[in-house]
Amino acid sequence: MRNLPPMNSLRFFDSAARHLNLSLAAQELGVSHSAVSQQIRQLETWLGRKLFDRHSEGVRLTAAGQDLHRASLPAFDMLEQRLAELLGRSASPEVVIGAPASLLSNWIIPRLEHFERDHPDVQVRLQTATDIGLLERRVVDVLIVADAHQSPAIEALPLFREAIGPVCTPDLARRIRQPADVAGAPLLHTASRPAIWE
């Protein structure tokens with residue numbers, strides 16, 4: 001008998017590891033966020049190792065999680081390909097799009113239905129990602145990020161200019177007369193873009 005954890009927990013791990021966001025994994029699998037968390041905990045218990053670290057943008061893989069993902073991703077890809085062949089159809093072309101979780105949930109996912117209707121033969125897989133290395137290693141096919149990256153191996157196309165500005169309470173807004181006034185107020189920072197105020 002094979003010494004493997006429950007296959008369902010591996011399937012949930014695969015989705016969570018690709019998206020690096022449990023809510024997006026739940027959406028893909030058609031289950032609740034807590035169901036994904038429960039399956040991940042079951043797999044971590046079976047392995048006796050933590051697979052994910054939680055942070056403000058979602059989750060990140062631990063070293064053990066990265067090892068398992070490197071093994072499981074090609075295994076699931078191969079299984080999917082062979083099953084498609086057994087069913088007598090070729091696997092749909094797949095495009096993996098990486099982007100920050102906020103962009104995926106607020107901009108890409110609402111538009112996905114229209115794309116899928118116009119291109120039913122293309123399978124789109126979404127992954128929470130901002131690391132240019134994922135594009136260079138071909139983990140994702142397209143990466144949408146706010147920062148400019150220079151690399152001879154990557155073609156970068158601007159989608160649109162980012163418009164940013166301070167958000168504050170109405171009371172504080174009434175007291176601000178010029179941009180320098182913002183500097184004296186308590187500034188909230190994001191871990192993903194610590195230098196954004198500059």
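Values reported hereafter were calculated over all heavy atoms of this structure, with side chains retained and with hydrogens, waters and symmetry mates removed.
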Around atom CD of Q38, are there more than 12 heavy atoms from other residues, nucleotides or ligands closer than 6.0 Å? no
Any [X] side-chain heavy atom under 4.5 Å of [Y] side chain:
X	Y	result
H33	S37	yes
L61	F13	yes
L126	Q27	no
I97	V140	no
T130	L143	no
V95	Q123	no
Q39	R11	no

Say whether [X] and [Y] are linked into one hydrophobic cluster, either directly or through other cluster members, by side-chain heavy-atom distances under 4.5 angstrom.
X	Y	result
L73	L24	no
L86	M78	no
L172	L188	no
V142	F160	yes

Counting N and O atoms only, with roles assigned by atom type, does the side chain of [X] sit under 3.5 Å from a partner on the main chain of [Y], one being a donor and the other an acceptor?
X	Y	value
N106	L103	no
D141	V96	yes
R49	W46	no
D14	L10	no
E44	L51	yes

Can you see which heavy atom on [X] is nearest to which on [Y], and at what distance?
X	Y	answer
S15	L29	CB-CD1, 3.9 Å
P100	I144	CD-O, 3.2 Å
D67	R70	OD1-NH2, 2.5 Å
L104	P110	O-CD, 4.2 Å
K50	A64	O-CB, 3.9 Å

Pair V31, F12 - check side-chain contact (heavy atoms from CB on, under 4.5 Å), show working. CA-CA 10 Å; V31 298; F12 279 58; 3.7 Å; yes
R111 and H114: side-chain donor and acceptor closer than 3.5 Å? no
Classify the side-chain pair Q42/S9 by whether it contains a donor and acceptor separated by less than 3.5 Å. no
Roughly how far, to the nearest 0.5 Å, is the CZ atom of R60 from the OG1 atom of T128? 12.5 Å
Trace of the side-chain contact (heavy atoms from CB on, under 4.5 Å) decision for V59 with D53: CA-CA 6 Å; V59 292; D53 285 323; over 6 Å; no
